[in-house]
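Below: the structure, in structure tokens.
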Amino acid sequence: MFGGVASIRSMITAGLVDEFWLKISPVAVGQGSSMFAELGAALPLTLRTARTFDSGMIEAVYATSSE
């Protein structure tokens, strides 16, 4: 079973993530957990693709520098 944000951070730290597919919705919320918090160092990413939708949502695919 998937363990949530802590598991994602562990996989990022171990170098097991080669791409991030981010879905960005045009909604502001004041709370939540960041999967990028507490990584300790900057994680260089390269934008592969970006797509916008009529709803205002943005889909962005980033590759890690290990690729």
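Numbering of residues begins at 1 and proceeds along the displayed sequence.
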- Quick one: OG1 on Thr49 to CH2 on Trp21, what's the gap to the nearest 0.5 Å? 6.5 Å
- Note on the structure: Smallest heavy-atom separation, Ala42 atom then Pro44 atom, equals O-CD, 3.4 Å
- Item | Joint cluster assignment, Leu22 & Met11, ILVMFWY side-chain distance < 4.5 Å | yes
- Can you check whether Val17 reaches Tyr62 side chain to side chain, under 4.5 Å on heavy atoms? no
- Item | Partner residues of Ile58 under the side chain to side chain contact (heavy atoms under 4.5 Å, CB included) criterion, sequence neighbours left out | Ile24, Thr52
- Message: What's the separation between atom CD in Glu59 and atom NZ in Lys23, rounded to the nearest 0.5 Å?
- Response: 3.5 Å
- Should Leu47 and Leu45 be counted in the same cluster of Ile, Leu, Val, Met, Phe, Trp and Tyr side chains packed under 4.5 Å apart? yes
- Message: My understanding is that only residues two or more places apart in sequence, or in another chain, count here; which of them pass side chain to side chain contact (heavy atoms under 4.5 Å, CB included) with Ser55?
- Response: Phe53, Met57
